[in-house]
Protein chains: 2
Amino acid sequence: MSDVNLKKLAQELGLSISTVSRALRDSHEIGAATKQRVRELADRLGFEPNPHASSLRKSKSRTIAVILPEIQHTFFSQVINGVEEVAQEKGYHVLIYLTHEDARKEQDIVHLLRNGRVDGMMISVAASSTEFQHFETAQKAGIPMVFFDRTYDEIDVPNIITDNTDIAFEATTHLINNHCKRVAFLSMPQQLSIIQKRKDGYLKALEAHEMTDTENVVECGFDVEENRKKIRALLQSENPPDGIFATAEKLAVITYELCRELNINIPDDLKIISFSNLAVTALFDPPLTTIVQPAFEMGKEAAAILFKIIDQKVLLPNEKKISIPSHIVERRSTGIF
Amino acid sequence: MSDVNLKKLAQELGLSISTVSRALRDSHEIGAATKQRVRELADRLGFEPNPHASSLRKSKSRTIAVILPEIQHTFFSQVINGVEEVAQEKGYHVLIYLTHEDARKEQDIVHLLRNGRVDGMMISVAASSTEFQHFETAQKAGIPMVFFDRTYDEIDVPNIITDNTDIAFEATTHLINNHCKRVAFLSMPQQLSIIQKRKDGYLKALEAHEMTDTENVVECGFDVEENRKKIRALLQSENPPDGIFATAEKLAVITYELCRELNINIPDDLKIISFSNLAVTALFDPPLTTIVQPAFEMGKEAAAILFKIIDQKVLLPNEKKISIPSHIVERRSTGIF
């Protein structure tokens, strides 16, 4: 079957079988443009690229891959520790691949790993990904997959997530309960499903407190200086917020720096809560109230589910989507102590 | 040649060629004890384990591996970003493997990667490694290798390091110049070459200021609670230090926590300087004076040298050992501002 398909692929593309084969193996002898043409057709036809892949998979690489946007943040390094704990028990190696939030890189890595190099993969989707063909193709090729944290919900792949909407509701309510009248939401790119969910929780809390007229969403991104400009404008606006909900630690850090520069007192003038798994936020001046995600547990759970799939066990319906709660650590930045 | 060797290996071990071959491929069908016997003999004879390895290497995996103790610390995640920048330009993928400071795991990973799975590897040695046969075997097998930060100096492999002795001398002198009379040195395990070098710098600075009688080295490790006990005992001792030089960020963090608990004022009662690449130390209360290592540059340099070896270019003598200077960022914890 595979041979016929390889031949067919070659005929359709007007290339030799050997060229097609090498393109699918990601050989450096083949140019990027040709590789792309070959891949695109292979994907469209749902073609298993490497004829050895299925046998390789059966023979087992004893390796799983974790595909991550980055590791600068403690969240992801804690996830990896959870994954490694389970993998260690199973006698598996863990490979870590970084996408640096680059959709193209994510596609390349998933393509590379389809060829039986690993027994399964765990993925947290890159922020710039808007096309998800590569996941669908990998799924068709039968590679065990699990999404964690940042998911792609359109295919039937297990998800390990945290309760982003609920905890965002709780965080916003915490600020409101501590007398904030104007809570601003520092967002990361909104195409990320987790950011959408956090925003939903924020809006629901405003609604529950009849404060929808105070809605203030500032969309930040990956450029530190751009973020700094936006947050500075927010803090210096005519009607500045008295509460900030930061969806990423780095946005809280910039806010702290700007408050120092602009002589804004935390928590008297401005209260801050932020998603962060960084323990040293307790040493900040003032200590930062954080939303702590169950990163280690998410890593363990994701790996456990992945191994169930690899071992061809049947997943229970409640194992298809696992949500582990986050929790809030109250500190002085929200004026509690 | 390889076939004869495989046969010979099998004969010596009283095993079938197929068993030996599968053991060397790390197949799950072969037990751990047998694998170990096979590997040991293969290593002793300097045997190239996989007959396809050299051809695989020629055909190029377009992948390099980074073998690290951990990624919880910003230092290593910044190194990886440097590596990725260079690898990206070359069109290479980067695989990250974590040893979690476990010597056995490091050996397993190096063994695994010898088989042509990657074109080269960059290693920062695990703290518990006291045996280095696996590096020697990998070198004999002709795998391009580079050490960075934590090195193994007994084999002829390029090293990318920072000036640990000089910067430790400077850091200790900084405390002494800021009127510290009793500087304690919070060490990590001293079998690590970088810790030895930092200690050398500390001792040299005491000597230069005729303060060798105040030498006070507290050896910490990887158990947080053990470290806390040791540092608490130090701070509560009869003649406590008025200056602390922490060789790892986590030791400075524990010191901060204990000072808060014991009502020790930083910097009035105790001045602290620490190795740390964590930018948010600027938000600590008080802001922490840090020794910042050129992590990103070390990653870039290590990758650049590795690619030179992969591309079979001749290394200049000064490319065999590259030292990039660290620098001190003075903040309030050493009483400067």
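Letters A, B, ... are given to chains in the order of the sequence lines, protein chains preceding strands, and every chain is numbered from 1.
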| request: Count the heavy atoms belonging to other residues, nucleotides or ligands that lie under 6.0 Å from CD of Gln312(B), then report whether that count exceeds 12. | output: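 No, because the 6.0 Å sphere around CD of Gln312(B) holds 12 heavy atoms or fewer from other groups.
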Considering only heavy atoms, which portion of [X] lies under 4.5 Å from any heavy atom of chain A: side chain, backbone, both, or neither?
X         : value
Glu70(B)  : neither
Val280(B) : both
His73(B)  : neither
Pro286(B) : neither
Leu288(B) : neither
Thr63(B)  : side chain
Ile80(B)  : side chain

| Can you list the steps and then say if Leu98(A) with Val94(B) is a side-chain contact (heavy atoms from CB on, under 4.5 Å)? | CA-CA 8 Å; Leu98(A) 303 181; Val94(B) 177; over 6 Å; no
| message | Can you confirm whether Tyr97(A) sits close enough to Leu95(B) that some side-chain heavy atom of one is under 4.5 Å from a side-chain heavy atom of the other? | response |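 Tyr97(A) vs Leu95(B): side chains touch.
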| query | Going by heavy atoms in the side chains, are Val253(B) and Leu283(A) under 4.5 Å from each other? | reply |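 Val253(B) reaches Leu283(A) side chain to side chain.
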Just verifying a value: how many Å separate [X] [atom1] and [Y] [atom2], rounded to the nearest 0.5 Å?
X         : Y        : atom1 : atom2 : value
Ile96(A)  : Ile96(B) : CD1   : CD1   : 5.5 Å
Leu112(B) : Arg62(A) : CG    : CZ    : 11.5 Å
Arg117(A) : His93(B) : CZ    : NE2   : 7.5 Å

| Engaged part of Ala282(A) at the chain B interface, taking heavy atoms whose separation is under 4.5 Å |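 Answer is backbone: N, CA, C or O of Ala282(A) sit under 4.5 Å from chain B.
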| Given a strict heavy-atom distance threshold of 4.5 Å, which part of Leu278(A) is in contact with chain B: side chain, backbone, both, or neither? |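 It is the side chain, since no backbone atom gets that close.
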